[in-house]
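Below: the structure, in structure tokens.
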Protein chains: 2
Amino acid sequence: MPSPTPARRSRRTDALSADAIIEAAITVLDAEGEEALTFRALSTALETGPGAIYNHLANKQEILAAAAHRLVVHALADVPSDPDAENGIRAVMLAFFDLFGAHPWVGTQLSREPWQAALLEMFEAIGTHLEALGVEERYQFTAASSLLNFVLGVAGQHASATRLARDLDRSAFLRDIADGWKDEATAASHPFSRRMADQLAEHDDRQQYSDGVDFILAGIAAVTAGGGL
Amino acid sequence: MPSPTPARRSRRTDALSADAIIEAAITVLDAEGEEALTFRALSTALETGPGAIYNHLANKQEILAAAAHRLVVHALADVPSDPDAENGIRAVMLAFFDLFGAHPWVGTQLSREPWQAALLEMFEAIGTHLEALGVEERYQFTAASSLLNFVLGVAGQHASATRLARDLDRSAFLRDIADGWKDEATAASHPFSRRMADQLAEHDDRQQYSDGVDFILAGIAAVTAGGGL
DNA sequence: ACCTGAACACCGTTCAAGT
DNA sequence: ACCTGAACACCGTTCAAGT
């Protein structure tokens with residue numbers, strides 16, 4: 001009788017590669033947050049030494065940029081195409097929001113390096129849909145940048161809120177901030193914020209983001225139709 | 001004859017204080033950039049030991065938050081009031097842009113902690129002007145957030161670009177990125193970006209920001225006038 | 001050619017010892 | 001009460017030594 005094929009080893013028969021490193025990095029980042037991604041933690045997860053990583057990727061920034069890029073590409077690939085151009089751009093913008101919700105560290109990463117690969121993908125996706133929407137060529141650059149900057153701002157705030165609140169209840173966190181806005185001293189010098197405090201504590205983040213996108217799209221439509229900036 | 005008053009010592013007769021630390025931090029950040037702000041560098045500038053700083057501020061994050069807050073308050077105090085509400089909101093938004101141009105590290109800081117003091121000031125200033133502009137109450141929160149998120153996105157990108165380009169020529173840096181978008185492989189899969197490449201290299205940042213603000217303001221006006229989102 | 005892991009040059013923060 | 005600065009517990013990155 002021939003010797004039986006040995007039970008497959010649990011994992012880690014595959015050689016180390018840039019792809020494997022990026023995948024492990026995403027796992028660590030999603031599970032334990034931004035500050036948990038160290039070369040020591042990553043090399044432990046990959047069952048190797050910290051120096052080995054440098055044979056495949058130049059430095060930490062390159063790991064983060066590649067991880068963010070991969071997730072952005074996947075998120076865009078999952079957006080169903082829509083014959084209606086306005087639905088199309090909304091779907092793309094919401095896909096970004098959901099991506100940053102699922103992987104908050106991406107929001108930090110996108111502000112670490114200008115025009116990195118992930119940003120190019122986002123810019124391209126937005127622009128393609130603006131073109132489909134019939135936005136004139138001379139407004140496309142500014143319109144795409146505006147939408148991109150808006151989503152980057154949201155992503156950055158979301159990332160920092162997650163970093164701070166991590167295990168805390170998110171709504172309890174916002175409630176605390178809102179209560180601070182109601183302090184006598186703060187309220188006296190910041191009447192607008194005082195008035196908005198309850199909305200801060202109770203608003204639906206995704207809905208508000210979506211409304212913000214609608215504001216910008218309405219502005220693009222108005223300016224285009226109205227004959228210029 | 002009484003002994004002559006001794007020549008005043010060069011500096012550092014004043015006691016250490018939170019204010020002095022924040023001022024020194026701003027000086028270091030402006031002169032040498034974000035990564036130059038270490039407790040060792042800061043305590044050297046203040047002619048003391050690194051531990052002394054902790055008697056006045058809890059940690060590095062608190063120093064950065066206080067420094068950013070101070071600059072935002074100063075920037076807003078310098079904005080001339082304008083009887084025209086639309087000019088008013090534009091002036092405030094441009095003041096933010098100019099602040100981030102002069103102190104790029106502020107853009108990074110604002111994404112480090114959600115709803116920190118500096119952000120409250122910005123939110124309040126934007127909201128007050130929206131109120132003056134006649135934006136209905138129910139749209140104020142979303143409208144103010146949209147403008148704030150837009151400027152935060154711009155600030156983050158500006159900060160990362162400065163961090164990377166620091167001594168390089170900014171236009172040469174953008175030219176390099178734009179040329180990358182024209183690479184055969186990149187251009188084939190990213191036709192929109194390919195078409196925008198020259199605008200990326202040649203556009204006026206401040207003008208484009210201002211145009212972005214106009215898009216959002218036009219959107220707010222359109223939605224408000226048109227009866228809802 | 002790739003991996004290993006100790007070593008290097010930093011960090012932010014703490015804390016015993018001073019004044 | 002505040003300051004001092006060495007020490008601690010980390011980092012990212014390098015590099016001689018292995019395979």
Side-chain angles (χ1 to χ4, degrees), chain A residues 9 11-29 31-68 105 108-109 111-113 116 160 163-164 166, chain B residues 9-29 31-68 105 108-109 111-113 116 159-160 163-164 166:
Chain A
R9 295 293 294 278
R11 269 279 68 194
R12 192 67 266 167
T13 51
D14 46 344
L16 195 58
S17 67
D19 251 26
I21 293 167
I22 293 162
E23 191 184 317
I26 292 172
T27 303
V28 171
L29 287 162
E32 303 177 67
E34 297 170 34
E35 80 263 317
L37 188 75
T38 66
F39 277 80
R40 284 158 182 87
L42 191 52
S43 63
T44 299
L46 291 163
E47 296 179 23
T48 180
I53 295 167
Y54 290 90
N55 284 316
H56 303 276
L57 293 157
N59 51 40
K60 187 171 185 177
Q61 170 56 26
E62 200 162 299
I63 299 173
L64 284 162
W105 53 270
T108 307
Q109 169 52 28
S111 285
R112 255 194 277 256
E113 191 190 330
Q116 58 187 287
S160 67
R163 207 159 43 225
L164 206 72
R166 195 124 187 84
Chain B
R9 296 292 294 277
S10 58
R11 260 303 41 211
R12 198 60 270 166
T13 51
D14 46 343
L16 195 58
S17 67
D19 252 26
I21 293 167
I22 293 162
E23 191 185 317
I26 292 173
T27 303
V28 170
L29 288 161
E32 302 176 68
E34 296 169 35
E35 80 261 319
L37 188 75
T38 66
F39 277 80
R40 284 159 183 82
L42 191 52
S43 62
T44 300
L46 291 163
E47 297 178 24
T48 181
I53 295 167
Y54 289 89
N55 285 314
H56 303 276
L57 293 157
N59 50 41
K60 188 171 184 177
Q61 170 58 25
E62 200 162 299
I63 299 172
L64 284 162
W105 53 271
T108 307
Q109 169 51 28
S111 286
R112 253 193 278 256
E113 191 190 331
Q116 59 186 285
S160 67
R163 209 159 40 227
L164 206 74
R166 193 121 189 86

Exercise for review: Strictly below 4.0 Å, heavy-atom distances to any atom of DNA chain D: list the hits from residues 32-40 of chain A, or just say none.
Suggested key: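 Close to the strand are Leu37(A), Thr38(A), Phe39(A), Arg40(A).
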
Point to revise | For DNA chain C, the residues among residues 54-65 of chain A that have a non-hydrogen atom under 4.0 Å from it | key: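 Contacting residues: Asn55(A), His56(A).
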
Check your understanding: Does Ser111(B) use its side chain to pair, donor to acceptor, with the backbone of Thr108(B) at less than 3.5 Å?
Key ->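 Not at all, since once roles are kept as given, no pair shorter than 3.5 Å links the two residues.
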
So, taking the atom named [atom1] in [X] and the one named [atom2] in [Y], what distance separates them when rounded to the nearest 0.5 Å?
X        : Y        : atom1 : atom2 : result
His56(A) : Ile22(A) : NE2   : CD1   : 11.0 Å
Ile26(A) : Ile63(A) : CD1   : CD1   : 11.5 Å
Leu37(A) : Lys60(A) : CG    : NZ    : 5.0 Å
Phe39(B) : Ile21(B) : CZ    : CD1   : 8.5 Å

Report each atom pair, protein N/O against N/O of nucleotides 16-19 of chain D, whose distance is under 3.5 angstrom.
none

Which heavy atom of [X] sits nearest to which heavy atom of [Y], and what is that distance?
X        : Y        : value
Val28(A) : Ala36(A) : CG1-O, 3.8 Å
Ala52(A) : Leu16(A) : CB-CD2, 3.8 Å
Asn59(A) : Tyr54(A) : CA-CE2, 4.1 Å

Practice item. May I ask you to check whether over 12 heavy atoms, not counting those of Glu62(B), lie within 6.0 Å of atom CD? Key: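 It does: Glu62(B) CD has more than 12 such atoms within range.
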
Exercise for review: Report the distance from atom CD1 of Ile53(B) to atom P of dC15(C), rounded to the nearest whole Å.
Suggested key: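 Distance, rounded to whole Å: 17 Å.
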
Check your understanding: Please give, in whole Å, the distance from dT13(D) P to Ile21(A) CD1?
Key ->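 In whole Å, dT13(D) P lies 13 Å from Ile21(A) CD1.
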
Practice item. Could you summarise the pairing of DNA chain D as dot-bracket text, marking Watson-Crick and G-U pairs under 3.5 Å with ( ) or [ ] inside the strand and | across strands? Key: ||.|||||...|||||.||

Practice item. Could you tell me which residues satisfy side chain to side chain contact (heavy atoms under 4.5 Å, CB included) with Asn55(B), sequence neighbours excluded, listed by chain and number? Key: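 Not a single residue meets the side chain to side chain contact (heavy atoms under 4.5 Å, CB included) criterion with Asn55(B).
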
**Study point:** Test log, rule side chain to side chain contact (heavy atoms under 4.5 Å, CB included), inputs Leu64(B) and Leu29(B)
**Key:** CA-CA 10 Å; Leu64(B) 284 162; Leu29(B) 288 161; 3.9 Å; yes

Practice item. Please list, chain by chain and in numerical order, all residues satisfying side chain to side chain donor-acceptor pair (under 3.5 Å) with Gln109(A), sequence neighbours excluded. Key: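 By the side chain to side chain donor-acceptor pair (under 3.5 Å) rule, Gln109(A) matches Arg112(A), Gln116(A).
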
